[in-house]
Amino acid sequence: MKRIIKAYDYPIFIAIVLLCLFGLVMVYSSSMITAVGRYNYPMDYFYEKQKIALIISFVAMIAAMVFPYKAYQNKKFLMFIMFGIAGSLIVVDLFGHASSGAQSWIKIGSSSFQPAEFAKLAMIIYLAAMYGKRQDRINNIDKAVIPPILFLIGICYLIATQPDYGSAVIIFLISCTIIVSSGMTLKSLSKLLIIFVSLAGIFALGVLLTGNLSSVFSDNKVARFTGFMDPFGTAGDDGYQLVNSLLAIGSGGLTGVGLGDSVQKYGYLPEAHTDFILAIISEELGVFGVGFVLLTLGFIVLRGFILSAKCKDPFGSLLLIGISSMIGIQVFINVGGVTGLIPITGITLPFISYGGTSLLLMMISMGIFQNIIMRMNLLEEKENSTPKIIEEIHNSQ
């Protein structure tokens, strides 16, 4: 038991705890005005909900840390994942709860969850398992590579029809990272790229010829692009959210205006405690606050990629790559939207933003991450100790 406990990655564990506690504080600071003024809730309403979600998520992470990750590679488990995630997304499309212009939630009583969030981890496990056990024929495009990609396209399509383009893009990019890292040759990857570009071109041409652009991009989605292109020119309309985000960031300076003293959270910046919580962190805690968040998240992502290169199990290595890329891609998209580098997508900041489903997904993912590292360290310890044992036996003789 001591060997197992020592084998976990404690720098990562400490980083996660620090981010979650910091996020809890910032959720309270950024949401207290919204809770009272907009919803007529108690000041700590969102804080209390996030605290409960954090406790549940922490327990789930511990469970995932203990559960052997190789069990996810079981054929029955993979079938459960495939049908489970596809079925839940179909249920969302047919009977889902709509909010903020997207029908993305399944509501049960007063609680709701977003299946698209869990689809991220489901696709990581599925693709890692498929390509991990097909290493001997990984360059067989037709039989080994294409079938999982067809399932990926179906999942992305179901999510995009909600419409939730942000999550669909994230899942696609994570999957691309896993595919590129799967061991395929450059020639095979080039073939896949040609196939994808051809299909994307046919789809785009079909949309333009049929004039169905409005059915693909709703007015709300188009507004995000126009607001991104010229936020200050449309400050009273499409660019309102981005302009107030930039004002919050600019007001913070090096050290910020002080924890709890944000002005933008007083109704000026919509979704201050969810998608745009980084803007409030910047305003209240300045460069130091933003630096702490981004450096800690960057440490987790970078460490995940480094450890994946050391992992001798293809399945475990691809899982580490998928989880690390999920966090990294989501951070980039969130920060890019908050700062105006890319259009706003409604993607939360991992471990920091308000949202129980997102937090639960991240904590379970990090639990799997830790289980892989633990078993990798135990295997390395066993391999290192075997020669010593043989040498001791030889010397004793």
Practice item. On the 0 to 90° scale, with breaks at 30° and 60°, tag the F46-Y354 ring pair as parallel, tilted or perpendicular. Key: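 If you compare the ring of F46 with that of Y354, the planes turn out perpendicular.
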
Review point. Would you call the rings of F13 and Y10 parallel, tilted or perpendicular, where under 30° means parallel and over 60° means perpendicular?
Key: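 F13 vs Y10 ring planes: perpendicular.
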
Is it true that atom [atom1] of [X] has more than 12 heavy atoms of other residues, nucleotides or ligands lying nearer than 6.0 Å?
{"X": "N40", "atom1": "CG", "result": "no"}
{"X": "F299", "atom1": "CZ", "result": "yes"}
{"X": "F151", "atom1": "CZ", "result": "yes"}
{"X": "K6", "atom1": "NZ", "result": "no"}

Distance only, no hydrogens: is a donor on one side chain within 3.5 Å (strictly under) of an acceptor on the other, for [X] and [Y]?
{"X": "Q114", "Y": "D164", "answer": "yes"}
{"X": "Y8", "Y": "N371", "answer": "no"}
{"X": "T274", "Y": "S353", "answer": "no"}
{"X": "T185", "Y": "S188", "answer": "yes"}

Point to revise | salt bridge (Lys or Arg N to Asp or Glu O under 4.0 Å) partners of residues 349-375, not counting sequence neighbours, each pair once | key: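 Salt bridge (Lys or Arg N to Asp or Glu O under 4.0 Å) check on residues 349-375 returns no pairs.
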
Point to revise | Candidate list I106, T161, I155, test side chain to side chain contact (heavy atoms under 4.5 Å, CB included), partner L89, passing option | key: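 Option passing the side chain to side chain contact (heavy atoms under 4.5 Å, CB included) with L89: I155.
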
Check your understanding: Given M362, which of K120, Q330, M61 fulfils the side chain to side chain contact (heavy atoms under 4.5 Å, CB included) condition?
Key ->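 Among K120, Q330, M61, the one that satisfies the side chain to side chain contact (heavy atoms under 4.5 Å, CB included) with M362 is Q330.
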
Review point. Charged N to carboxylate O below 4.0 Å: is that the case for D44 and K51?
Key: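 A salt bridge is absent here (no side-chain N lies under 4.0 Å from a carboxylate O).
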
**Study point:** Check: E284 side chain, G252 main-chain N or O, donor-acceptor pair, under 3.5 Å
**Key:**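 No, because the side chain of E284 does not come within donor-acceptor range (under 3.5 Å) of the backbone of G252.
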
Check your understanding: Can you tell me if S29 uses its side chain to pair, donor with acceptor, with the backbone of M26 under 3.5 Å?
Key ->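 Looks like no, no N/O pair under 3.5 Å.
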
Could you pull out the closest heavy-atom pair between [X] and [Y], with the gap in Å?
{"X": "A116", "Y": "I171", "result": "O-CD1, 4.1 Å"}
{"X": "I347", "Y": "N334", "result": "O-ND2, 2.7 Å"}
{"X": "Y45", "Y": "A35", "result": "CB-CB, 4.3 Å"}

Practice item. Take V169 and I329 through the test side chain to side chain contact (heavy atoms under 4.5 Å, CB included) and record every step on the way to the result. Key: CA-CA 10 Å; V169 168; I329 290 167; over 6 Å; no

Exercise for review: Given salt bridge (charged side-chain N to carboxylate O under 4.0 Å, His left out), test E283 with K265 step by step and report yes or no.
Suggested key: CA-CA 10 Å; E283 185 181 9; K265 69 186 180 186; over 6 Å; no

